[in-house]
Amino acid sequence: MIARAVAIATQLRRPIRLDVTEDGRTHALAVRPEGYVQLVGADGTIPAADGLSIDEGRCRICRRLQPVTSTTCVQCAVDEPLRVEVAPLAEPNAVTPPPAAAPITRPNPIELRALDELHDVEQTRLTRRATPARPALRLAFNTQRSVSAGPRVVIGRNPEPVAGYEPLSIATPGRMLSRTHATIAVDDAGHIVVTDLDSANGIELQSTPPRWLTPGHPTTIPDGSTILLGDVECTIEKAQ
């Protein structure tokens with residue numbers, strides 16, 4: 001549902017209001033095109049998005065956790081990975097009515113509508129997700145200075161955008177690094193995960209013995225490992 005709201009918000013180029021009614025109480029949520037979900041204030045305004053994390057969901061095929069802004073799964077490459085699939089509704093005459101004394105329970109209504117009258121305002125108190133922050137990354141290269149980055153990066157000569165990942169352009173004297181070579185991320189369990197994005201020269205983990213990573217397959221590596229991407233060596237650590 002959040003992924004669908006993000007898609008609508010992206011089309012409208014503004015936040016979407018998601019009203020959720022549960023147990024007689026209605027909660028008003030603001031869903032931004034960037035994938036942020038926030039509570040709408042009592043005065044009808046939404047807080048600034050500073051410090052928030054992009055909402056996530058699992059792929060409907062391979063169950064890979066990824067941002068709700070993803071249009072293609074980074075693991076199995078299926079389109080619309082967070083699309084909800086439901087069984088078709090039964091024909092009315094195929095439904096057995098409940099006993100007369102038993103009330104029919106219907107799902108609580110959920111309403112989506114554009115935030116025509118809501119505006120972003122800076123507030124001292126921000127609504128933050130309860131999910132603990134993932135550790136940041138520190139990447140040391142043999143072709144340039146070390147880089148401190150967030151928990152998800154996509155690296156290459158001039159990487160194309162990947163939803164939820166910070167792009168990092170890396171020096172490659174021999175141009176053996178692909179334009180968009182790999183993603184590096186810290187997962188929910190705190191493990192470092194590297195994915196070869198079908199690069200031309202692949203990724204070799206400098207272990208004993210060395211081994212090549214399977215393209216398109218997320219691979220967990222130990223903290224402090226070194227990988228070889230063409231002519232670029234990269235040592236990956238979680239920032240303390």
Side-chain angles (χ1 to χ4, degrees), residues 2-3 6 34-37 51-78 81-82 128-156 159-170 172 177-178 180-199 201-230 232-240:
I2 296 298
V6 169
E34 299 86 356
Y36 302 124
V37 180
L52 295 181
S53 299
I54 296 176
D55 211 68
E56 295 181 319
R58 295 194 178 274
C59 174
R60 58 189 172 88
I61 302 298
C62 67
R63 309 306 296 165
R64 169 76 173 177
L65 190 68
Q66 54 201 291
V68 292
T69 52
S70 299
T71 57
T72 302
C73 180
V74 297
Q75 178 164 302
C76 68
V78 67
L82 303 182
R128 298 181 182 273
R129 288 171 56 84
T131 304
R134 301 185 186 187
L137 289 166
R138 181 172 178 80
L139 309 177
F141 299 95
N142 66 328
T143 59
Q144 65 180 53
R145 292 182 177 179
S146 299
V147 175
S148 295
R152 297 189 188 95
V153 297
V154 53
I155 65 174
E160 296 180 352
V162 175
Y165 287 78
E166 175 186 353
L168 291 178
S169 297
I170 308 302
T172 171
L177 190 68
S178 294
T180 308
H181 203 109
T183 58
I184 305 173
V186 180
D187 65 12
D188 290 337
H191 301 136
I192 297 175
V193 179
V194 178
T195 305
D196 180 355
L197 301 180
D198 295 317
S199 61
N201 290 303
I203 301 175
E204 184 181 33
L205 177 63
Q206 303 296 281
S207 57
T208 305
R211 63 186 178 97
W212 290 91
L213 274 57
T214 303
H217 180 71
T219 303
T220 300
I221 65 173
D223 191 1
S225 295
T226 297
I227 57 176
L228 181 64
L229 312 96
V232 177
E233 284 188 359
C234 175
T235 299
I236 309 168
E237 297 178 320
K238 291 185 291 184
Q240 301 299 324

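Scope of the values below: all heavy atoms of this structure, side chains included, with no hydrogens, waters or symmetry mates.
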Q: Mind running side-chain contact (heavy atoms from CB on, under 4.5 Å) on T183 and V194 for me, showing each step along the way?
A: CA-CA 6 Å; T183 58; V194 178; over 6 Å; no
Q | pair E34-I54: side-chain heavy atoms closer than 4.5 Å | A | no
Q. Quick one: does S146's side chain get under 4.5 Å of R138's, heavy atoms only?
A. yes
Q. What is the minimum heavy-atom distance between L168 and P159, and which atoms define it?
A. O-CG, 3.5 Å
**Q.** Test side-chain contact (heavy atoms from CB on, under 4.5 Å) applied to L137 and I184, step by step
**A.** CA-CA 9 Å; L137 289 166; I184 305 173; 3.9 Å; yes
(Q) I need the single residue from N201, N142, I155, I227 that forms a side chain to side chain contact (heavy atoms under 4.5 Å, CB included) with V232. Which is it? (A) N142
Q.
I'd like to know whether V153 forms a side-chain contact (heavy atoms from CB on, under 4.5 Å) with V147, so could you lay out the CA-CA distance, the side-chain angles of the two residues, the decisive distance to 0.1 Å, and finally the verdict.
A. CA-CA 11 Å; V153 297; V147 175; over 6 Å; no
Q: Side-chain contact test, heavy atoms from C-beta onward, threshold under 4.5 Å: evaluate it for I170 versus H181 and give yes or no.
A: no
Q. Which pair of non-hydrogen atoms, one from L82 and one from R58, has the smallest distance, and what is that distance?
A. CD2-O, 3.2 Å
Q: Locate the shortest heavy-atom distance separating Y165 from A185; write the atom from each residue and the value.
A: CE2-CB, 4.0 Å
Q: Check whether any side-chain heavy atom of V193 lies under 4.5 Å from a side-chain heavy atom of T219, and answer yes or no.
A: no
Q: Mark yes or no for whether E166, through its side chain, and G150, through its backbone, hold a donor-acceptor pair below 3.5 Å.
A: yes
Q: Output yes when a side-chain donor or acceptor of S199 lies under 3.5 Å from a complementary backbone atom of D196, and no otherwise.
A: no
Q.
For R134, is there an ion pair with D188 - N to carboxylate O distance below 4.0 angstrom?
A. yes
Q) Only one of L205, I236, T220 clears side chain to side chain contact (heavy atoms under 4.5 Å, CB included) with S225; which? A) L205
Q. Does S207 reach the main-chain N or O of P209 with its side chain, forming a donor-acceptor pair under 3.5 Å?
A. yes
Q) Is there a side-chain contact between I192 and D187 (heavy atoms, below 4.5 Å)? A) no
